[in-house]
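Here, residue 1 is the first one in the sequence, and each next residue gets the next number.
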Amino acid sequence: MDPRTLTPALRALRLCLHLLMAGLLALAVVRAWGDGAPDAGAVLAVAAVTGAVYAAGSLLPAVRLTRRAAALWLAALGVSWLVLLWLTPDALWVAFPLYFLQLHLLPARWSLPAAAVTAAAAIGSYVGHGRPLNPGVFIGPLLGAAVAVATVLGYQALYRESERRRRLIEELIATRAELAAAERHAGTLAERERLAREIHDTLAQGVSSIQLLLRAAERTLPAASPAATHIARARQAAQDNLAEARRFVRALSPPDLEHGSLAGALERLCEPGPGPRVRFSLSGTPVELPTPYEVALLRIAQSALANTVRHAGASRAEITLTFMDASVTLDVVDDGRGFRPEAVVASSDAGFGLPAMRSRAQSLGGTFTVESAPGQGAAVAVTLPLRTAGSGSRPDGTLADRTGAHREAS
C-alpha cells in the first residue's frame, strides 16, 4: 500500500507493526544475552539481519506494488526468522507480526497456509529446544494466528465497503454534474427556441407588415411620383431585414434540425436507450417544412416520448410522420398502461406536457388530439396545415409571402 494514501489511523497501525517487530527482535536478543547463551552473538547477528530485511521491505516500493516482490520479500524474511528461531525459542513471538504481513500482502489462497506454517514452526521450535511444555505454548501461536486472520479479514471487508461508498459518492457527484449540465443545456435550448419564436412572431411579422403596407402605398402612387423611388428602397430594406430575421430564426432552431431533416431527427429519437423500443416510420412524400413546423413537431415528439418513458410503462412505441397534400401529421403511439386524457388535462398537478403540446399545435393553426384509456395504451396526434402558393401563401405562412400572392391576384 502506498504510504501517501494511508489515513492517520492506518499510519498509526503501520507504525505499531514496525515497533512490534523491533521490540520482539530486541526481546529475543536481550533474553539470549541475559541467559548467557553461548550463541548470543549469533542471535544478535541474525536478529540484525532479520531487522534489516524487514526494513528493506518496508522501504521498497515494489513490495507494495506487486505480489511477486511481496512474496519474495516474505520468503527472505521467513528464512531469516527460521534461522533465528533455530538459535533461540524466544523468536517464536516474532510470528505475530509475520501473521499480519502474510495476510496483508499475499492472496488468501497463500496467506492462510503461510500463517498456519508459521504457527507450526513457532510451536515446533519451542518444543525442539526442550522448553517445559504447557497449554500456552500451543494456544498462544494458534490464537495469535486466529486473531490476525480475523483482524485482517475484518479490515479488508471494511476497506471494500469504504471503497464502494467512495465510488458511489463519486458517481453521485458525477451524476449531479451531468444533471446540472443537462439542465443548463435544456435551458439554453428552451431560450433559443423562445427567441426564435419571438423573432418569428414579432419582428419578422412586423417587417412583413411594413413590406405589405409599402407595396400597397406603391400601388396608389402616380407613375411619375418622386416618392416611388424612396418607397421602393424602403420595401427592399424591409425585404432584406426580413431575410435576416429568418436567418436568425434558422440559427436559433434546435441543434437536432441543424444538420438534417425532421425525419432524421425523429429517427434519432428511436435510438436504443432506457424505456420502450421505439420505431419510426415515414409516410407520404416529404416536403420542406418551415422551421416553426419542424421545431413544433420535434418538440411534441420529444415530450410524448418522455411521457411514455416516465409514466406509461410501455414496451413498444411508434412515431409516424405522414405527409399529405394539405397537411402533415405526427403520431406517437405506445402500448403502455394508458390513462384518461380528460382527467390529466383537468388535474391541477398534471404538469404542462399535454397543454404545452396542444398550445404548440394550435399556435400554428393545427389540431392536437389524445386518445387513451386505462390498459389500452395511448396515441398522440398533431396535424398542421400545409399552405401552398395557390391557396394564398407559401409554407411558412408569413405576411410577406402572402403579399406576393395578393399582388399576383390583383
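- When only modelled atom types and interatomic distance are considered, Arg233 and Gln236 share no side-chain donor-acceptor pair under 3.5 Å.
- Side-chain contact between Leu266 and Leu330: present, with at least one pair of heavy atoms (C-beta onward) separated by less than 4.5 Å.
- Here the closest non-hydrogen pair linking Met324 and Leu386 is O-CD1, 3.7 Å.
- Closest heavy-atom contact between Leu85 and Ala121: CD2-O, 3.3 Å.
- Shown here for Glu294 and Leu262, the closest heavy-atom pair between the two residues is O-CD1, 3.7 Å.
- The side-chain heavy atoms of Ile169 and Arg166, taken from C-beta on, include no pair separated by under 4.5 Å.
- Side-chain atoms of Pro276 and Asp334, non-hydrogen and from C-beta on, never get closer than 4.5 Å to each other.
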Side-chain polar contacts of residues 369-377 - donor-acceptor pairs under 3.5 angstrom, sequence neighbours left out - could you list them?
residue	atom	partner	partner atom	Å
Ser372	OG	Phe339	N	3.0
Ser372	OG	Phe339	O	3.2
Ser372	OG	Gly377	O	2.7

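- The two atoms that bring Leu384 and Ala361 nearest to each other are CD2-O, 3.9 Å, heavy atoms only.
- Trp81 has its side chain out of reach of Val53: every pair of non-hydrogen atoms, C-beta onward, lies at least 4.5 Å apart.
- Residue Leu297 holds its CG atom at 6.5 Å from CG of Leu321, rounded to the nearest 0.5 Å.
- Within the 4.5 Å cutoff, no side-chain heavy atoms of Val49 are placed close to those of Val83.
- Of the charged side-chain nitrogens involved, none lies within less than 4.0 Å of a carboxylate oxygen, so that Glu170 and Arg167 do not count as a salt-bridged pair.
- When each of Thr322, Thr367, Thr383 is paired with Thr329, the side chain to side chain donor-acceptor pair (under 3.5 Å) condition holds for Thr383 and for no other.
- Inter-residue side-chain proximity for Leu84 and Leu25 is flagged as met; some heavy-atom pair is nearer than 4.5 Å.
- Closest approach of Ala314 and Thr308 over heavy atoms only: CB-CG2, 4.0 Å.
- The closest donor-acceptor contact from the side chain of Ser303 to the backbone of Arg299 lies under 3.5 Å.
- Atom CZ of Arg358 is separated from atom CG of Leu354 by 6.5 Å, given to the nearest 0.5 angstrom.
- Summarising the geometry of Thr320 relative to Ser281, their closest heavy-atom pair is OG1-OG, 3.2 Å, with the distance given to 0.1 Å.
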Open item on the list: Determine whether Thr285 and Phe323 satisfy the following criterion, side chain to side chain contact (heavy atoms under 4.5 Å, CB included), listing intermediate values before the conclusion.
Closed with: CA-CA 6 Å; Thr285 302; Phe323 288 92; 5.7 Å; no

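- Between the side chain of Asp335 and the backbone N or O of Ser315, at least one donor-acceptor pair lies under 3.5 Å.
- At a threshold of 4.5 Å between non-hydrogen side-chain atoms, the residues Met21 and Leu98 count as touching.
- Trp86 places none of its side-chain heavy atoms less than 4.5 Å from the side chain of Val46.
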